[in-house]
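Report on the structure given below.
Here the structure is a predicted model, which is why all the values come from computation and not from measurement. Chain letters run A, B, ... following the sequence lines, proteins first and then strands; every chain starts at 1.
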Amino acid sequence: MIAAALLAPTVAALVLAVAPRAFAGRRAAELGAIASLVALVELARIPVGRPGTLWAEIDQPWIDLIGARFHVGVDEVSWPLALLTAFLTLCCCIWLWRRDSSPALVALLMVIAAASIGVFVAQDLLLFFIFFEFALIPMWFVIARWGADDARPAATKFLLYTVTGSAIMLVGFVLVAIRAGSLQIGQVVEHGDPSLTGAILIAVGLAVKVPLVPVHTWLPDAHSKAPTVGSVLLAGIFLKLGTYGLIRLNVQMLPEATERIAPWLAGLGVLGILWAGLACLAQDDLKRLVAYSSIGHMGFVALAIATMSQTGIVAAVFGSVAHGLITGLLFFLAGSLKERYGTASLAALGRGLFGRAPWRAVALLVAGLATIGLPGLAGFWGEFLTLRAAYEPASLLPQTFSVVLMVIATLGIILATAYVARFARMLLQGVPTRLDLDRDIVRREGLVTVALLVPILVLGLFPGLIFDLFPPIGYAP
Amino acid sequence: MIPISWDIFGPAIVLAGGALVALVADLLTTKRSFVLSWLPMLAASVAALTLDVWSAGLPFGFDGVILIGTTLIVLASAVLHTENAMPPGEFQFLVGSAAAGGLVIVGAVDLVTLLVGLELLTLPSIALVGLRQADRRAIGAAWTFFLTSVVATAITLMGIALLYGITGSLRYGFMGSDIVGSAKAAVTVGILLTVTGFLFKIGTVPFHAWVPDAYRSASPVVAGFLASVSKAATLGALLVLLYLGLPAQHASIWQPVVAIVAALSMTVGNLGALRQRDGVAVLAWSSIAQAGFLLAPAVGPDFVVSTNAAAQYLAVYALANIVAFVALAVVLKVRGSTSYEELAGLARTDPWVGVPLAFAVLTLAGFPPAVIGLVTKYVVFVPVVQDGPLWLAIVMAVNVMLGLAYYLKLVATLFAPADSTPFRSVAGSAGVRLAVLVVTLGALGLVAASVWPSGVLDHVLPVTIDPN
Amino acid sequence: MKLLKGRRWPYVALTALVSGAVAWWAIPHVGTRTRVVGDYQGNDIGPVLPTLTLDALVSSASAQVMLLAAAVAFFVQLYSTKYMGDDPRFRSYALLIVLFLLAMVAVVAADNLFVLLIGWEVMGVCSYLLIGHHWERDDAQSGAAKALLVTRAADIGLLLAILILGQTYGTYSISEILVASGLEHPRNATLIGLLLIVAVVGKSAQVPLQTWLPDAMPGPTPITALIHAATMVAAGVFLLARLLPVYATSQVAMTTLAVVAAVTMLSAALFALVQTDLKRALAWSTVSQLAIMFAAVAVADGRVAVDHLMSHGAYKALLFLGCGVVMHAVGSSALSAMGGLRRATPVAFWTMTVGFLALAGIPPTVGFFTKDEVLEAVRGTPALFGVVLLTSIVTAAYSTRLWALTFLGEAKEKHQTPWVMWLPLALLALASFALSIGKPLHLGIGALSTVAAVVGIGLGWLLRARTFESRAGRVLAGEFGYDRVFTRFIPAIAGWKARTVVWADDNLIDSYPRGSVHAATGSSWLVDRLQSAKAQLYATGIAVGVLALVTYALVRVVVS
Amino acid sequence: MIAEILFVFLGVVALATGVLAVASRHLMHAALWLVVTLGAVAGTFLLLGAELLAWVQVLVYVGAVVVLIVFALMLTRRPTAVASAEVTKNSRPAAVVSVLATLGLTAVFAVTFGGSRFEVRRLGTAENIGSAIFTEWVLAFEVLSVVLLVALIAAIVIARGTEAGEH
Amino acid sequence: MPLLFPLLLSAALFGVGLYGVLARRNAVLALIGVELMLNAVNLQLVTYDAWYGDTTHTGQVLTLYVIALAAAEIGLGLAIILALFRARGTVDVDDVERVS
């Protein structure tokens, strides 16, 4: 099942690469949609197993010489994220279901999807790293080729930032693998705690991806210049690679060393919440605004991870999934504005979208409300559990410090409300400035919007869908 | 002490013999025909490779890389057969004898043979660079290469003389392990002067200046030879000399220097490549940077680990370089230039050349989908992280990023929307088609290795047993 | 969709259905003495991960509030078919009212704290959207944004309160928490209490977060009646009343609440006195009345608070709906535009007179009885008692003033009031009397408060024509200039910080990668320049390199 | 003692003519000074007991190499051009580097071999060297033969190639 | 004989040769410098050989080989110089064009 989920997009990508002409126009998107659907279904078919064990795995010898194995497996941390990946890719393919879509773009999306699923299921450090890097160059092409006219510097900035981080992470991997004598994540855990330096290097590498302040500046540029599907995958999936890595590699694989850097992680996470919240207040470009808001949300996830408690892990996973759905939706909507009007600048888009394109406006509003963590929508639970985890951290984080961070983090919620209210006022409300291009949401856009709203609402109302994957926490009567 | 290895010298003799036959066959005919010298050399390369595999068996090491590289280069040299300024017999002879020289230095067990073998490798290389006389720059580059080379050789000789003066022997393993006190300084100077010539040939900073000039002025096929075969031989010889020729406690003398040279090479090489707008120029600078990565594992104390790591990196690097340079040779042939303007969109207009070139470049960058490039990057990181200074590992990490900056630019150029007229190199002459075959085969090899890295790594192990 | 478009009645029917269902559910619980029982003892290891359950905890108070909400919602929907009849966005308006009603029910009936929180926040969002219903208007935009921001900032208090309740009692169920807090001495009472107070101070527009409610008046008047008078803003009272056992033992929390209530009730009443706008005056009046309810909570009498909530809900909804009729008639809510409407809008006149009487606390309106109860409850706290009494004087004064300014004076021309508008008014006026039935009467205090009301009425009559030009009057009319904190200081600070952050991103943080790029391209240029093609320069480089490396190695050897 | 004095004398000659060989402004003079230097070095070889080498030195260097150089000088001299015996712009760094290299080597020698003396014996006879070559160093010798062949062919192809290009 | 005599001569000759290689404008004269450097090395090798009384004559044999290699190098070098001269009309090595 894991193999099928990895193979389906890969095969689709290969087919599209070999015979692009046979898949002109909508057929490429159809093929992509089918492949992502297959991956989604195959991942969903994996029976939910006991927490802390691999529910399904493939463990084959691979590179004996350096002890690397083709070892993939799914557990409660990776499963939701892998599902999210397949789902968002499906949404992207639906989004691309139009006449002028390029088969090459769909092929690159398929590679990105396969690689990201690969990262989430990899149980071998080298394999993890290969999947981690695999998606980068396709993403560079997606941004540089299909993004805004001046997207190339932003794409390169994104790539070089990430690659620097991941190369440093590679050094960390080598260090850890040497000390532990194994590349298998599971065996490194058993070996005990090999290396503080390794943990730091890995965390630094992942911090670029998450991203934590102050290594975040690639993100607004890349997200705002990328094409719609590129932004969605960047925000929805790529950032999760970083948070997932922090959970899997730092918290779970190197717990003792990670405890010592947890205060930094937490501090930077909270700094990111504030930093991003404030930066959002001064943005004119809607996509840039959403990009900055991602930094804030990832700050919450980083804080959750830094607590290193059970609750924190649940919070991080839930927060990651919710952010993927919500920010994905926001980027779809902001992207559709940009595709339609050629700009995402709030000043240029004009006011009164409620009157000009009501459904589009309502969708934006709901997405905006979801992004501020409105209870009842998916964004809430991650934030709440993060605060709860910060209230009683399990790591070396001193509780006083942690509670202070928790309180500061709540400021981020207020800031989020402020920037959503601001963009609602600037874009949605006001006397409508009618533009010739005004047109309400079209069918495929509506389909994607609904497809994302449903899980946002369902997860908001039934958080147990994810909570129950994890070991029970606390008192159960 | 390593015994004189006929496993290595046998193939060398075959190669040298083939080279002579090629030369004579060419001389004997009045009408110069490429095939007449090409075929014997090809046969000799294949024979030498077969002999090598047959006698030494799998897995192979530096000798295997040299022989496979030579075979591919000879095969691909068919692309040059219409270039009338390139005398075919002499070309094949020089390639064959240089490759034989490479085998000699890899198998040498004393500094005398090493030095003579190094000259056997160097002199034909210089001549090969100067051979492309359609281009005025070629002879200038040959002169540059020559002069720097003789200076480096003289310095190496001075080092050898010093080592001899202190230890009284030039045989590996006999160069005094009981050096103490004041002689320590002399040993230090001696070792460093000795390695200069090898670092020069590998193309490491600060001995790199000839590389960009020579690679860009020579035929890309020759550049490919220099980047793969010549580099493989010199690196192998250097590692054997350092680890086995010199007593183990001297590692503390040369390892810090190796670390610095490696760091400098990758950094300067990558920086130099950043602003290039020509395929060959980029690869030339990149080969300086790669030399740093090749050298880096030598900071480890363990001969087996370090040499295996270097050889594995080398094998993949050499194959990728051959693919890339031969592809560029084809481009040069059919388009007259390897500048980025000519390369733009190549992967679309001429996928049989462009796509392998892109894959080879990604291999050099160490990036998926060229998984094997990444895996070998991992391999060279291991000894560095394990025993080397951590700063070197960080410098390597940063250089992975720096390298990607220009490799990606090249790949992006190859896949850029093409505005030039499509040209199918597969429709070219027989020579071009053969070269494209080499490119395709090499790229297939890289793809196969990416899918199944063990297929390469398990078979590139110059040292399978601990010599101690 | 087509069916619903442009038609009003389906929404009334829908609201009627929902209201009816709520009422059907609530009525049996009215008057029952529900006691939460169980053997839950709490635990120290923290609660399980949250789930949303539909368990209900319906006390008599809940049932009353639900009935109030259902009734007012239905009235407002009915009323709006005319009042908002020409509005192009009637559909979203009507649906939001239904959503609001459901959220309100969630707040008052839920046992699960998260369901409560969802209702709480959804109410806030509905309020935001309905204040901003006329989103073309600038005051509507800013009022809506302010309401959302202030209430959500305060909602953090509720969020953290829930968090700490969970950590303290190991459960997120209100009933279990109440049981556990009843079985032992409540823990973390001060912290929880203060956080809850933060939450309700925002939602109920108490000092220091009071200013959003008057600014919410650009919303349609029926919405003001429903959300910003009768129900949502009062939900805070209900919440505090319901969770009273959890924090009542905390002297700090209770004192804080008392102080907040005292300051708010008096200052808001004074603001109401000097307003030049009927709607805004009524808004301040709401703030003041809510504070009176909190005063009751502050002395740990939740039932009294809820009683006053009910009565205030009825007469304040009445007043606002009547205000809507009046505005319909004159096209403005400014007091200067009014006057002499007694004959022009007779229904509004009579019903609103009832409403003002109730507000002023004149027997036998329900306002009298419930205020009587509050005074009785706070009697043990003389300071609070005094403030409440003082407030009731001011209340009677501004009621009189508003009534006089609206209805007396030169007669205006007759204005038709359709039945959908007067029927709710009539029913609510009836309720303002009917709710009095069965209410206890405390003679002494009743007399005192009646006297106070009469004094207030007299005062109001004297003040009715005054414009407040004195210095004190200007300060009052300016609402102490307090709003500047929200309109000027906080936005200025936030804006400054936001610009600083963006500047730092561009100029500080990004200068490292930019600098690296410059360094790389610069050194790349240098490296390239060094390729002079001069063999002897290259050879010199080799010689220098060898010398340098040898020196380095020698230094290392010597040092080691 | 006589040998030492003779050695110093030859050394001084070799060094002085060496300096002249790299400093002379006249092309031909430089080549001729080189002859003297190489001859002096051959003399030192004799003093150090390396007979064979001394003769080979004279034969190969003075007899072949210098002749080659002289021919090359004549072939590459253009009648009109000013004799370019001067130094490049690089001369000053070159001087510094050379002096440093000399001093460094001198220091190393002085430190390492400071007080050592040795007796010269006539061991470098053709017989001794010959047997050493063909017992101990035969492999290198064989390789060397190929090197010489390669150099020959390379020189031919380089020198001839231009003609091919011109025709 | 003091070991230092030939060694110091060697060092000095090496330096002089190095200067010649690096500084001579005429390519042929630069080659003269190379010869001096190689001679310096040879002198050392012979000295050590004599000092050790090496029975395998490592030093002298290597010297012999170096003389042969020097001849080979000179041959190739002069060929290149000739080609250079034909291509450019000068052997002034400062007068070159950049490879770009």
How about B/Ile394 and A/Leu201: do any of their side-chain heavy atoms sit closer than 4.5 Å? yes

Side chain from CB out, backbone as N, CA, C, O: work out which of these in A/Phe141 comes under 4.5 Å of a heavy atom of chain B, or both, or neither. side chain

In terms of heavy-atom proximity below 4.5 Å to chain B, should A/Leu160 be classed as side chain, backbone, both, or neither? both

Where on A/Leu65 is there a heavy atom nearer than 4.5 Å to chain B: the side chain, the backbone, both, or neither? both

Examine whether an atom of B/Phe381 lies under 4.5 Å from a heavy atom of chain A, and if so say whether it belongs to the side chain, the backbone or both; otherwise answer neither. both

Hey, which of A/Tyr161, A/Phe129, A/Phe70 has the most heavy atom pairs under 4.5 Å with chain B? A/Phe129

Could you state the interatomic distance from CG (B/Asn308) to CD1 (A/Ile66), rounded to the nearest 0.5 Å? 12.5 Å

Okay, A/Leu126 and chain B: the region with an atom under 4.5 Å from a heavy atom over there is side chain

Let's test your reading of the structure: which of B/Asn399, B/Leu408, B/Val411, B/Val384 forms the most heavy-atom pairs below 4.5 Å with chain A? B/Leu408

Other residues, nucleotides, ligands: >12 heavy atoms within 6.0 Å of A/Arg260 CZ: no

Pick one of side chain, backbone, both or neither for A/Leu183, based on which atoms fall under 4.5 Å of a heavy atom in chain B. side chain

Is chain B contacted by the side chain of A/Thr197, its backbone, both, or neither, given a heavy-atom distance below 4.5 Å? side chain

Heavy-atom cut-off 4.5 Å, strictly under: side chain, backbone, both or neither for A/Thr164 against chain B? both

Any donor-acceptor N/O pair, B/Ser454 side chain to A/Trp62 backbone, under 3.5 Å: yes

Which heavy-atom pair separates B/Pro368 from A/Ile130 by the least distance, and what is that distance? CG-O, 3.5 Å

Answer key: most heavy-atom pairs under 4.5 Å with chain A among B/Met396, B/Lys409, B/Gln386 is B/Gln386

Under 4.5 Å from a heavy atom of chain A, the part of B/Leu402 involved: neither

Between B/Val379 and chain A, which part of the residue has a heavy atom less than 4.5 Å away: side chain, backbone, both or neither? side chain

Closest approach of B/Ala397 and A/Ala167, non-hydrogen atoms and distance? O-CB, 3.3 Å

B/Val451 portion near chain A, given a 4.5 angstrom heavy-atom threshold: backbone

Note: A/Arg145 and B/Phe415 closest approach over all heavy atoms is NH2-O, 2.9 Å

Give, as side chain, backbone, both or neither, the part of B/Leu374 having an atom under 4.5 angstrom from any heavy atom of chain A. side chain

Could you tell me the separation between the CG atom of B/Leu362 and the CD1 atom of A/Ile137, rounded to the nearest 0.5 Å? 4.5 Å

Counting heavy-atom pairs under 4.5 Å with chain A, which one of B/Pro369, B/Ala365, B/Ala370 comes out on top? B/Pro369

Residue part contacting chain B, namely of A/Ile63, when any heavy atom lies under 4.5 Å: both

